[in-house]
Asks: 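Please see the structure below; I have some questions.
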There are 2 protein chains.
Amino acid sequence: MQTGTLCLGLLTDGPKSGYTIKQLLSGPLNQIYNLSFGSIYPALNKLMDEKYVTCKQHAQDKKPDKKVYTITKKGTSYFEEVLLKEALEYLRSGTYGDQIKSEFLMMLLFSKFMPPETTNLIIDERVLHMRQILNLVEYEGPTSDQDDTRSMRSSAEGLFIRGLMTEVLKTSLNYIEQNRKKLNVK
Amino acid sequence: MQTGTLCLGLLTDGPKSGYTIKQLLSGPLNQIYNLSFGSIYPALNKLMDEKYVTCKQHAQDKKPDKKVYTITKKGTSYFEEVLLKEALEYLRSGTYGDQIKSEFLMMLLFSKFMPPETTNLIIDERVLHMRQILNLVEYEGPTSDQDDTRSMRSSAEGLFIRGLMTEVLKTSLNYIEQNRKKLNVK
DNA sequence: CAAGATCTATATCATATTGATATATGTATT
DNA sequence: AATACATATATCAATATGATATAGATCTTG
């Protein structure tokens, strides 16, 4: 999926800044898709050029201007068109796998070349990290006014994806804690 | 993890060609780490320059020469050194998450903008794909002579990772099949 | 309470990676 | 016989990363 399409898609759910999009991808969507600022900002500028979004500079007292992007009517119809095009392209390509780079698992694969205490530290930190993500994904508490995760948390799609992430994270955590002793001596 | 480090690590388990490394990453390691040829070949050439690997050209009848890379003594000690360095760097950085781009989940998030039949097709194909990966990961049958997955399949690390992948894949498959009806109106 | 760290916010850029394409032959399918 | 797919390496334009710069706000901790 093109980065522009993705940004446009997130903007269908309400105006957002580049920083907010990054926060979404690093936060509630972190198990789904990551992008760096270096991809997001140029993509938003391109969407501006093509009139698929408009931008309001929110001068904030003392903070740098927040550029809030809003999807236009043209942008919405373009999004629906290009999403379908990319979906059909995806189906045609036959490559249904995700793009994954798990430094964690790769290091575990090579763990016999590391001191056991390093491996144990890596696993400990990963377990803590996964528990944090699980909290983030499972969180059902109140949502504030300008909460960009609201629809993620209430729509059928959001609930489905959150449910999947929850199950997968719990399974992983459980497996790692039950089986880590098989990896390292002690 | 640097691509060179990763290639070197895979070579500690026996000589391999670039094509074989790609096969490993696309096959049994596909849920762990992916790299394109455009990353693998230059990395191997660099490892050659630095004398961390040697290369034997296997002239195959009519097929293009297969360049089989073997890790050197220098390469092995370099690998252990750099792996530890990168592991400590990883721990220090505090970013324990994986790099994930799931076009599948992103499209599901946007599924209300697609015709239901497209969403259903995408899910159907994904389920088939996951079942194929599960078969690949779970496979316990006989291994041939030049099977590059042998150690992946018998070492403690390999078993741990395969077990984790199996559990996660089964959980995902189960969840998707149980809950997909909540996504699309029939 | 001051110093240091972290957060909000955008931007840039050298380096790394992807994904497509080229080349060449073998094997399997239709 | 033709088409598709597998083996095998290589290149490269377009894209993405990850680090760095900038700058004020807010949180934290000895």
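Computed from heavy atoms alone, side chains included, the values below leave out hydrogens, waters and symmetry copies. Just so we're on the same page: letters track the sequence lines, and every chain starts at 1.
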Asks: Over all strands shown, is A:K101 touching base, sugar-phosphate only, or nothing at heavy-atom distances under 4.0 angstrom?
Replies: sugar-phosphate

Asks: Do the non-hydrogen side-chain atoms of B:K22 and B:L35 ever get within less than 4.5 Å of each other?
Replies: no

Asks: Counting any heavy atom closer than 4.0 Å, what does B:G18 reach on the DNA or RNA strands: base, sugar-phosphate only, or nothing?
Replies: sugar-phosphate

Asks: How close or far is atom C1' of D:dA25 from atom NZ of A:K66, stated in whole angstroms?
Replies: 14 Å

Asks: Strictly distance-based, threshold 3.5 Å: is any side-chain N or O of B:Y19 a donor or acceptor partner for the main-chain N or O of B:K67?
Replies: no

Asks: With a 4.0 Å limit, can you tell me whether B:T3 has a side-chain N or O closer than that to the phosphate oxygens OP1/OP2 of C:dA16?
Replies: no

Asks: Identify which nucleotide among C:dT10, C:dT18, D:dA6 has an atom closest to any side-chain atom of B:Y19, counting heavy atoms from C-beta outward.
Replies: D:dA6

Asks: Below the 4.0 Å mark, does C:dA11 have OP1 or OP2 next to a side-chain nitrogen or oxygen of A:K67?
Replies: yes

Asks: With respect to the phosphate group of C:dT15, does any side-chain polar atom (N or O) of B:K46 fall under 4.0 Å of OP1 or OP2?
Replies: no

Asks: Using whole Å, what does the distance between atom C1' of nucleotide C:dT17 and atom NZ of B:K22 come to?
Replies: 11 Å

Asks: By nearest heavy atom, map B:G38 and A:N34 onto DNA chain D; which one lands nearer the 5' end?
Replies: B:G38

Asks: Rounded to whole Å, how long is the line connecting atom OH of B:Y90 with atom P of D:dG18?
Replies: 13 Å

Asks: So, for B:F110 and A:F79, is the gap between ring centers shorter than 6.0 Å?
Replies: yes

Asks: Taking NZ from B:K56 and P from D:dA8, how many angstroms apart are they, rounded to a whole number?
Replies: 17 Å

Asks: Looking across every strand, which nucleic acid part, if any, lies under 4.0 Å from B:Q23 by heavy atom: base, sugar-phosphate, or nothing?
Replies: sugar-phosphate

Asks: Say whether, by atom type as modelled, one donor and one acceptor occur between the side chain of A:N30 and the main chain of A:G27 under 3.5 angstrom.
Replies: yes

Asks: Hey, which sits more toward the 5' end of DNA chain D by its nearest nucleotide, B:Q99 or B:P42?
Replies: B:P42

Asks: What residues, two or more places apart in sequence or in another chain, satisfy side-chain contact (heavy atoms from CB on, under 4.5 Å) together with B:K74?
Replies: B:K51, B:Y52, B:T72

Asks: For DNA chain C, whose closest nucleotide is more 5', that of A:S17 or that of B:L35?
Replies: A:S17

Asks: In whole angstrom, what separates B:L44's CG from D:dA8's C1'?
Replies: 13 Å

Asks: Heavy atoms from C-beta onward define the side chain here; which of D:dG18, D:dT9, C:dT18 lies closest to that of A:S36?
Replies: D:dG18

Asks: Would you mind reading off the distance between A:E89 atom CD and C:dT18 atom P, rounded to a whole angstrom?
Replies: 18 Å

Asks: Take atom CE of A:M1 and atom C1' of C:dG19, then tell me their distance rounded to the nearest Å.
Replies: 17 Å

Asks: Tell me: OH of B:Y33 to P of C:dT17, nearest whole Å?
Replies: 7 Å

